[in-house]
Amino acid sequence: MVAELPPIATEIEMNQDASNQIKGMNELLYRQRHSAAHIMAEAVLEIFPEAKYAIGPPIENGFYYDFDLPRPLTPDDLNDVDKRMRASIRADKPFVKSESAKAEARAFFAEQPYKLELIDGIPDEKVGICKHGNFTDLCGYPHVESTGKVGAFKLMSVAGAYWRGDEHRPMLQRIYGVMFPTDDELAEYLHNLEEAERRDHRRLGKELELFFVDPIAPGSPFFLPKGTTIYNLAIDFMRGLYKRYGYQEVITPQIFSVDLWKRSGHYDNYREGMYFIQDEDRELGVKPMNCPGHCIMYASQVHSYRELPLRYADFGRLHRFERSGTLHGLTRVRSFSQDDAHIYCRLDQIGGEIQTLVAMMRETYSAFHLGQPRFSLSLRPDKRIGSDETWDMAESALRDALVASGIAFEEIANEGAFYGPKIDLFMDDVLGREWQISTFQLDFNLPERFDLEYAAEDGSLQRPVMIHRAILGSLERFMGILIEHSAGAFPTWLAPVQTTLIPIADRHVEYCEGVAARLRETGLRVEVDARGERMQAKIRDAQLMKVPYMLVAGDRDIEAGAVSVRARGGGDLGPMAVEAVIERLAVEVASKGSPEGAAGEA
RNA sequence: GCCGACGUAGCUCAGUGGUAGAGCAGCCGAUUCGUAAUCGGCAGGUCGAGGGUUCAAAUCCCCCCGUCGGCUCCA
């Protein structure tokens, strides 16, 4: 295996434009991170010569490599790997690329089952080989010229990872590292990580007294009064939209006979995600989704084309079994409710409905001060129901609606559900993990299974199409994302406590209670901090609880019929008349603003 | 579920075979103060559950529960 490839510096075209697929990585960084993975494998093989090595790609903030090792890695091993990597980098060994015939490569990697499997999966006749020092790897991707050219790195963790992500295949040990071009950028990244931990919704949920989870109910959060306030405000907000956008809210059962789940197909396809209860005479399933119940409701009445689109909204509580290892604060839970709705409409109404959903989504993301989500459009999979004409129609209806709304989106072939194409919206959490929030899914299947019909203009009976849609998605998950994006400093309309009255001395408590009563009359959520603490301590505590406005009252204020206003983040705003404060807060609440500025754009 | 780490007071954490600790929070008392922590006292733990080793276990071993990170960003 010899034949030299062209020198690295002359652009080797990268497989599938690999570096563009990963967020925030230019080609140099891609090469550096990829090279670092090779250097790490070199180090691990020095320690464990018998190790089997699998794959080691560059990733968003660094790189990883998967190994099959004789024993679990310890933190000491990581230090050892780190040291050996730095030695290799100091030695500045050149990366030498070549190609070899598959047969030669198979002979070379005879003791490396994972490499052999990779070779089998490569369509070309020749495979890439990359060597530096004594380490040789199967590799078709570009590197830096030599080990000394990589950036600043730090090994982060060891984790289990199934070979090829398949839980039926062996579990390997994955070492994660981060790498940036310079020491400063690495330090900044590590600093940002620490900052991110401070705004982790699980931490803030406890600190701000919003929610907690207890081992007594894994994956099922308890919402404390303050968290419940926010949760209900989110629901109120959606109800407000429903009035304007023509939705009808409904209430449907929690537990259904398995007959329903058999008819809907959930029993066959989703059973492992459901909870079942044995009644005295039959088996019942706790609902993981509202859609079958809504279909029963739709079918309970006769429908005319004049009623369509018919929009049923439901905040019903859903239960889904999630594997214990996947539970995560509010973002992956077993018990939750959604701002769920199902729209029954004609095929030609799909486009208009989607455009309306985008408008609702924009209002919502703006009101909650979230940024722009990432959109994806998932197209027909191989295994599907419905005719090609129907799919053509449905896919272009979704695509056209997005284009008409000026939305940038990514089309993903083959990722749609078997029952229809869908649009998903994703937001990052504070650690850069992406979660699905909103979803708009077409469904040709359930109307079929439940034999849903409407009377058309010509008197014939037609089948409606169904749109599953949620804008906040799981309210639990939404709240988790909301907490992290706001760092707990919610816009005023959402803050569980909107103002705290701070009497300077005991003799000012009565006045504060009077002001608080006046504020409550206008619908504000107000507390009076009447503890025997100093004003400074009360301010500090209110700041830590991220209360938007602190109203301080002492002798001077009482005399003037005023309060001294302090805004969260804005400092001391000086004395204001009580009625002026009410006016300011009313405007801010109505505009969904915050003390730090107006509502964000979505 | 699987791999690894972790689980000590309400919270954050110290304690690695020999009498369970600190800070904050809580309670009581004093202080009545002008924009991010007033002072003093008191109380608070079957050391996640169960089993084992040992004269002796928070500490070592086994098992269970839970939490945290990870489990295709595909040579």
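Just so it is clear, the structure is predicted and the values come from calculations on it, not from any experiment. So that the names make sense, note that chain A is the first sequence line, chain B the second, and so on, each numbered from 1. All heavy atoms count here, side chains included; hydrogens, waters and symmetry mates do not.
Between A:Asp137 and A:Glu533, the one whose closest nucleotide on RNA chain B sits nearer the 5' end is A:Glu533. Nearest-nucleotide mapping onto RNA chain B: of A:Tyr176 and A:Asp506, the residue sitting toward the 5' end is A:Asp506.
Using a 4.0 Å heavy-atom cutoff across all strands shown, A:Leu327 reaches sugar-phosphate atoms only and no base atom. Here A:Thr74 lies out of heavy-atom contact (under 4.0 Å) with every strand. A:Arg174 comes within 4.0 angstrom of the backbone, heavy atoms only, and of no base. Within 4.0 Å (heavy atoms only), A:Pro57 reaches no atom of the nucleic acid at all. Residue A:Asp166 is out of contact with every strand shown, counting any heavy-atom pair closer than 4.0 Å. Among the heavy atoms of the strands lying under 4.0 Å from A:Arg433 are primed sugar atoms or P, OP1, OP2 only; no base atom is included. Note on A:Val127: a base of the nucleic acid sits closer than 4.0 angstrom, heavy atoms only. Within 4.0 Å (heavy atoms only), A:Gly121 reaches no atom of the nucleic acid at all.
Side-chain proximity of A:Met535 to B:G34, B:C74, B:G1: nearest is B:G34. Side chain of A:Asp572, nearest nucleotide from B:U35, B:U12, B:G4: B:U35. Checking B:C74, B:C2, B:A36 against the side-chain heavy atoms of A:Ile55 singles out B:C74 as nearest. For A:Arg534, the listed nucleotide lying nearest its side chain is B:U38; candidates were B:A36, B:U38, B:G1. Counting only heavy atoms from C-beta on, A:Ala159 has its side chain closest to B:G69 among B:G69, B:U35, B:C74. The side chain of A:His328 approaches B:G69 more closely than any other nucleotide in the set B:G69, B:C74, B:A36. The nucleotide whose nearest atom lies closest to any side-chain atom of A:Gln543 is, among B:A36, B:C33, B:U35, B:A36. For A:Ile59, counting side-chain heavy atoms from C-beta on, the closest listed nucleotide (B:C71, B:C73, B:G66) is B:C73. When the nucleotides B:C71, B:U38, B:G66 are ranked by their closest atom to the side chain of A:Pro218, B:G66 comes out on top.
For A:Ser324, a side-chain nitrogen or oxygen approaches OP1 or OP2 of B:G1 to under 4.0 Å. At B:C68, one or more side-chain N or O atoms of A:Arg202 fall inside 4.0 Å of OP1 or OP2 (strictly under the cut-off). For A:Arg507, a side-chain nitrogen or oxygen approaches OP1 or OP2 of B:C33 to under 4.0 Å.
With a 3.5 Å ceiling on both atom-pair distances, the Watson-Crick or G-U wobble partner of B:G4 is B:C68. In this structure, B:C73 makes no Watson-Crick or G-U wobble pair, since no nucleotide meets both defining distances under 3.5 angstrom. The pairing partner recorded for B:U46 is none, the criterion being a Watson-Crick or G-U wobble arrangement whose two distances lie under 3.5 angstrom. Base pairing of B:A22 is made with B:U12, judged by Watson-Crick or G-U wobble geometry with both donor-acceptor distances under 3.5 Å. Base pairing analysis places B:C39 opposite B:G29; the two distances defining the Watson-Crick or G-U wobble pair are each below 3.5 Å.
For B:G1, its base sits under 3.5 Å from the side chain of A:Tyr162 at one donor and acceptor pair at least. For A:Asp557 and B:G34, a side-chain-to-base donor-acceptor distance below 3.5 Å is present, hydrogens and geometry of angles not being considered. Side chain A:Ser157 to base B:G69: no donor-acceptor pair is found below 3.5 Å. In terms of polar N and O atoms assigned as donor or acceptor, the side chain of A:Arg566 comes within less than 3.5 Å of the base of B:A36 in a complementary pairing.
In this structure, A:Arg202 fails the cation-pi test against A:Phe212, since its NZ or CZ atom is not both closer than 6.0 Å to the six-membered ring centre and inside 45 degrees of the ring normal.
More than 12 heavy atoms of other residues, nucleotides or ligands sit less than 6.0 Å from atom NZ of A:Lys93. Surrounding NZ of A:Lys102 are more than 12 heavy atoms belonging to other residues, nucleotides or ligands, all under 6.0 Å away.
A distance below 6.0 Å separates the ring centres of A:Phe67 and A:Tyr65.
A salt bridge is absent between A:Arg433 and A:Glu484: the closest approach of a Lys/Arg side-chain nitrogen to an acidic carboxylate oxygen does not fall below 4.0 angstrom.
Using modelled atom types and a 3.5 Å distance limit, the side chains of A:His485 and A:Asp428 yield no donor-acceptor pair.
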Quiz item: Could you walk me through whether A:Gln436 and A:Arg477 pass the side chain to side chain donor-acceptor pair (under 3.5 Å) check?
Solution: CA-CA 9 Å; A:Gln436 186 203 78; A:Arg477 172 177 296 179; 5.0 Å; no
